Number of protein chains: 2
Amino acid sequence: MSGSKILEPAGAERSQDAGVALWRQVADQLAQAIARGTFETGARLPAEKEIAALYRVNRHTVRRALAALSERGLVRAARGSGTYVEAPRLAYPIGTRTRFSENVGASGRQAGGRLIASAEEPVPPEIAQRLALPRKSLAVRLELMRHADRVPVCVATTWLPAGRFPDAAEIYAAQRSTTRMLAHYGISDYRRVSTRVTAALADIADAARLDLRPGSPILLVDSVDAAVDGTPLLATRSRFAAERIELVFES
Amino acid sequence: MSGSKILEPAGAERSQDAGVALWRQVADQLAQAIARGTFETGARLPAEKEIAALYRVNRHTVRRALAALSERGLVRAARGSGTYVEAPRLAYPIGTRTRFSENVGASGRQAGGRLIASAEEPVPPEIAQRLALPRKSLAVRLELMRHADRVPVCVATTWLPAGRFPDAAEIYAAQRSTTRMLAHYGISDYRRVSTRVTAALADIADAARLDLRPGSPILLVDSVDAAVDGTPLLATRSRFAAERIELVFES
DNA sequence: TTTTATTTGTCCGTATGTATA
DNA sequence: GTATACATACGGACAAATAAA
């Protein structure tokens, strides 16, 4: 193929971008090509030396560009195989009204929640504090697995006061949605009051459940939802597959 | 030492927690001990076999508990040496008024910004879109390094319209703060309009600048700030050291 | 510098209770 | 009811990295 037209390589363009690092120009061009759909999700990019020939740059310059795209999660390099276009991250809006099913559904995807385990046990201290519960009280703990279009998106651990939601596990298992579970208890509306985000590396258990390679980055999200009157309802610790999700906070 | 008192091991407690997985009980106890300050930041926990003896459980059970704490970033295991308490993450509030200097200063730490590179160049397409700039216009790109108490917190790439902020680099270098830089242009107030968060692994360059081990998780934050009238002012792509930072969104 | 002890990481195995098919 | 799979808990052995003698 005459890649010239597909990738719109340097030539005339480059003189215009005088002063911009070469690797950055290459990265921008490749990112545009991916954004335009020239390379679809899962497609293999041309080999590094081919890209280098196309842009008349050294292969190391291409590698620097690909590294930048890789850090942004646009591509993934597989040694001995090639460099592949990653699926675009699913935008996951977070605000006062954060609901998994609605968020995923809004992107035209099929949301799926599944209860993988549950238990009734004393609340861990941090959770008790966040739910404003007495120290020794009981909580229902739900281990949830969430999908979008059959692709695992996150695993989550949710705690609810056992007194108010005694059989939350059964209800969730039947309803397969937090919103519908709460509706079953007469709670027609609730809102996100606190969201804390950091990142870590997936442990083997989460990696397996999220279908990730061990050591993949995950987004750790600690959140609290409350009734409209401010009463804390549930605390959740979610682990999102970072390579598939982008949290969006609109102010 | 008679660790019994320090760690408050099983015994009577455990019968109460009937039905809760043993490793989870151990993890909760250790987390509490850390929260209480029994083990300070940087302190070495007792060896796995000591903890196992203390709680009368198998070493594997202790390892399962430590793995859970490790995923939450509370501890870090070093083979041949021991398991150490990690520093608590610096809470970094994000909202309509997000300012690095204020955020860091609010925690009683000394905020530091440093310009490590700058350039005037055509805006990359995604940035042009986010700043509502014409396709071929020029932008000032600032590469920033941000510290809290001399500890590197994040590296950031900021784009500003070159027309409105022609010598932004010089101003920032002198003011060492985005807020003061904008004030220099007569902008007394601005607000965060969009924040997108995901995670990735640090590349070698960022790892070196953030003083992280290569492969450490980083938080990727894409943000846009605008004037009070809604005019986009700057777009930023920040890379936070995830092990030192927790983004806090209050609704 | 070499040796030795300590500590975490990984692997083998066994057994039990609990869901699920 | 039976068989299967899974999570949990325990026991042992050795490798690999570290730290101290």
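Here is the naming used below: chain letters follow the sequence lines, and residue numbers restart at 1 for every chain. Treat the numbers as computed from the prediction; the structure is a model and nothing was measured.
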For A/Tyr185, which residues count as a ring pair (Phe, Tyr, Trp, His ring centres under 6.0 Å) partner, sequence neighbours excluded?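 Scan of A/Tyr185 (ring pair (Phe, Tyr, Trp, His ring centres under 6.0 Å), adjacent residues dropped) gives A/Phe165.
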Could you run down nucleotides 12-21 of chain C 5' to 3' and tag each one B, S or - for protein heavy-atom contact under 4.0 Å? ----------
Do you know which two heavy atoms are closest between A/Ala87 and A/Thr41, and how far apart they sit?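 Taking A/Ala87 first and A/Thr41 second, the nearest heavy atoms are CA-CG2, 3.5 Å.
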Please state how far atom [atom1] in [X] lies from atom [atom2] in [N], giving the value in whole angstrom units.
X: A/Glu143; N: D/dC6; atom1: CD; atom2: P; result: 17 Å
X: B/Arg59; N: C/dC11; atom1: CZ; atom2: C1'; result: 12 Å
X: B/Arg76; N: C/dG9; atom1: CZ; atom2: C1'; result: 16 Å
X: A/Asp203; N: D/dA7; atom1: CG; atom2: P; result: 12 Å
X: A/Ile116; N: D/dC6; atom1: CD1; atom2: C1'; result: 12 Å
X: B/Glu50; N: C/dT7; atom1: CD; atom2: C1'; result: 10 Å

Any strand counts, and the cut-off is 3.5 Å on both contacts for Watson-Crick or G-U wobble. Which nucleotide pairs with D/dG1? none
By nearest atom, which of the nucleotides [options] is closest to the [X] side chain?
X: B/Lys49; options: C/dG9, C/dT7, D/dA9; result: C/dT7
X: B/Ala47; options: C/dG9, D/dA9, C/dT7; result: C/dT7
X: B/Trp23; options: C/dT7, D/dA13, D/dA9; result: D/dA9

Between A/Arg191 (side chain) and A/Asp189 (backbone), is there a donor-acceptor pair under 3.5 Å?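 The answer is no, because no donor-acceptor pair under 3.5 Å joins these two groups.
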Any side-chain to backbone donor/acceptor pair from A/Arg244 onto A/Pro152? Under 3.5 Å, distance only.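 Yes; at least one donor-acceptor contact below 3.5 Å.
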Is there side-chain contact between B/Val75 and B/Ile34, with at least one heavy-atom pair below 4.5 Å? yes
Do A/Trp159 and A/Leu133 come close enough that some side-chain heavy atom pair is under 4.5 Å?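 A side-chain contact under 4.5 Å is absent here.
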Do NZ/NE/NH1/NH2 and the carboxylate oxygens of A/Glu126 and A/Arg196 come within less than 4.0 Å?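 A salt bridge is absent here (no side-chain N lies under 4.0 Å from a carboxylate O).
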Between B/Arg76 and B/Glu243, is the closest basic N to carboxylate O distance under 4.0 Å?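 No salt bridge links B/Glu243 with B/Arg76.
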Phosphate OP1/OP2 of [N] contacted by [X] side-chain N/O (<4.0 Å):
X: B/Asn58; N: D/dA9; value: no
X: B/Thr61; N: D/dT8; value: no
X: B/Arg44; N: C/dT7; value: yes

Would you indicate what B/Arg64 reaches in the nucleic acid, counting non-hydrogen atoms under 4.0 angstrom: base, sugar-phosphate, or nothing?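 Contact class for B/Arg64: none.
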Which pairs, protein N/O on one side and nucleotides 16-21 of chain D N/O on the other, fall under 3.5 Å?
unit_1 : atom_1 : unit_2  : atom_2 : d
D/dA16 : O4'    : B/Arg79 : NH1    : 2.8

Take A/Arg192 and A/Thr236, measure what side chain to side chain donor-acceptor pair (under 3.5 Å) needs, and give me the verdict at the end. CA-CA 11 Å; A/Arg192 175 66 58 91; A/Thr236 305; over 6 Å; no
